[in-house]
Protein chains: 2
Amino acid sequence: MVRKIAERGDAIPALAEIFREHGFAGASLSEITKRTGLGKGSLYHFFPNGKEEMAQAVLDDVAGWFETNVFMPLRESEDPAAGIDQMFKAVIRFFHSGRRVCLVGTFALDDTRDRFASEIQSYFAVWTRVLAAALKRRGFDTRAARETAEDVVAGIQGALVLARAHDDSALFTRAMKRLHQRTKGVHRDRP
Amino acid sequence: MVRKIAERGDAIPALAEIFREHGFAGASLSEITKRTGLGKGSLYHFFPNGKEEMAQAVLDDVAGWFETNVFMPLRESEDPAAGIDQMFKAVIRFFHSGRRVCLVGTFALDDTRDRFASEIQSYFAVWTRVLAAALKRRGFDTRAARETAEDVVAGIQGALVLARAHDDSALFTRAMKRLHQRTKGVHRDRP
DNA sequence: CAGATTGTGTACCGTTCGGTACAGATCCTA
DNA sequence: TAGGATCTGTACCGAACGGTACACAATCTG
């Protein structure tokens with residue numbers, strides 16, 4: 001009757017999706033048991049601190065994914081342009097071309113932020129910092145690199161909001177293309 | 001014992017703030033009664049359909065504010081640059097320099113969007129459209145106007161996310177300055 | 001195979017949830 | 001000042017909430 005198959009990590013993708021869809025407050029235990037396939041017993045065995053610990057685990061998982069697939073390429077690519085290319089590829093893949101929302105952004109907007117302030121803060125801070133460094137290596141001066149990095153990270157978050165508001169993933173990919181272009185230096189709005 | 005002072009509209013600013021802070025799911029009736037000062041009786045007298053109707057009223061109110069303070073200036077200013085100036089002034093004021101979150105953006109991100117899909121969609125659609133028209137009048141060609149408008153609206157939403165993540169309103173005002181600059185035409189990232 | 005460790009289902013806890021019912025207070029109109 | 005319309009506090013509802021307790025099953029270790 002009992003399945004011993006489950007590991008803690010197996011639940012995390014489902015948990016992530018639930019928090020993305022409903023936010024922290026809206027993610028109910030009943031939905032969590034349903035979608036993870038884990039009963040309350042297992043859930044509280046793996047996450048003794050309940051929902052908060054589940055969300056924490058998801059945030060860690062996201063941070064790890066970004067570290068590997070976004071930050072590391074930005075830091076370690078010999079050619080900074082290649083690192084930035086990889087960043088955009090990874091972002092488009094991770095957010096399912098705008099059909100998937102940013103969990104950290106969602107948490108940042110409501111009072112959930114207070115529970116996970118440092119994780120949320122560092123997610124964006126690290127992203128902005130490593131992107132700015134890559135832009136600098138690419139020839140941007142310090143100030144322009146920092147500003148452009150901020151604009152790009154904000155632009156991605158904003159594009160996710162708009163894409164979801166319009167239920168239009170093409171909007172997202174178009175926005176990514178333009179942001180990518182901006183990382184290449186002088187940019188004209190009026191051709 | 002009973003105060004007859006209350007009008008439906010009096011509750012809306014408090015309701016808006018509550019939904020901004022907690023999202024739709026997280027906004028509990030107990031907090032709503034506390035912060036509006038209205039008992040359940042009054043609340044359900046003014047909003048027979050409960051929370052959903054309260055949120056609807058708040059969305060209408062926001063739409064009205066933007067119509068007056070953002071969209072109308074963009075549409076009707078003789079000088080489109082002046083209209084855009086007014087837009088940024090209004091946005092900075094409305095969002096309290098980034099200390100206040102966008103209610104519509106918050107709703108857009110989680111499953112609350114499904115309840116208010118058309119209101120959310122049209123908020124962003126109208127904004128983008130009237131801004132693009134102003135940019136066109138300012139000399140942008142059709143395509144650049146549309147793209148820049150999309151980038152600016154997304155940029156504002158993203159800046160709100162980042163400002164709140166970092167609890168840093170200066171980040172928001174800086175971002176607004178740069179977005180404003182972009183509405184003035186050719187733009188350089190690498191000076 | 002014994003015994004600890006790990007994982008799981010179920011019943012249950014008190015609390016809070018959104019929402020309803022309704023008597024009565026207050027206000028508006030005439 | 002009468003009487004209807006509008007507003008409000010309170011008591012209450014069933015359901016769902018997050019979380020706990022615990023017996024027991026599966027697995028791992030020796």
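Note that the structure is a prediction, hence the values are computed from the model and not measured. Only heavy atoms go into these numbers, but all of them, side chains included; no hydrogens, no water, no symmetry mates. So that the names make sense, note that chain A is the first sequence line, chain B the second, and so on, each numbered from 1.
- Computed from coordinates, the L43(A) CG to dT10(C) C1' distance equals 15 Å when rounded to whole Å.
- When the nearest nucleotides of DNA chain D are assigned to G41(A) and L29(A) by heavy-atom distance, the more 5′-ward of the two goes with L29(A).
- Side-chain proximity of Y44(B) to dT8(D), dG19(C), dT8(C): nearest is dG19(C).
- For the pair E53(A) CD and dG19(D) C1', the interatomic distance rounds to 13 Å; values are reported in whole Å.
- Within the structure, salt bridge (Lys or Arg N to Asp or Glu O under 4.0 Å) pairs that include any residue of residues 41-65 of chain A comprise R8(A)-E53(A), E52(A)-R115(A) (at least two apart or interchain).
- Heavy atoms from other residues, nucleotides or ligands lying under 6.0 Å from CZ of R146(B) number 12 at most.
- One atom, CD1 of I32(B), and another, C1' of dC17(C), lie 12 Å apart when rounded to the nearest Å.
- Distance E7(A) CD to dT6(C) C1': 12 Å, rounded to the nearest Å.
- With contacts defined as side-chain heavy-atom distances shorter than 4.5 Å, the pair F47(A)/Q56(A) does not qualify.
- Looking at heavy-atom distances under 4.0 Å, A25(A) makes no contact with the nucleic acid at all.
- In terms of position along DNA chain D, the nucleotide closest to G39(B) lies nearer the 5' end than the nucleotide closest to the other residue of the pair K51(A) and G39(B).
- We find that CZ of F46(A) is positioned 10 Å from P of dG9(C), with the value rounded to whole Å.
- Whole-Å rounding puts the M54(B) CE to dG19(C) P distance at 7 Å.
- Between S30(B) and dT16(C) there is no side-chain N or O to OP1 or OP2 distance below 4.0 Å.
- Nearest nucleotide to the side chain of K40(A), out of dC12(D), dC7(D), dT20(D): dT20(D).
- dG7(C) atom P lies 4 Å from atom NE2 of H45(A), rounded to whole Å.
- Contact check, S28(A) against dA16(D): no side-chain N or O comes under 4.0 Å of OP1 or OP2.
- Computed from coordinates, the K34(A) NZ to dG9(C) P distance equals 16 Å when rounded to whole Å.
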### Task
Might you work through the side-chain contact (heavy atoms from CB on, under 4.5 Å) test for R182(B) and R182(A), ending with a clear yes or no?
CA-CA 12 Å; R182(B) 276 194 68 194; R182(A) 275 194 69 193; 3.9 Å; yes
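- Between L135(B) atom CG and K184(B) atom NZ the span is 12.0 Å, to the nearest 0.5 Å.
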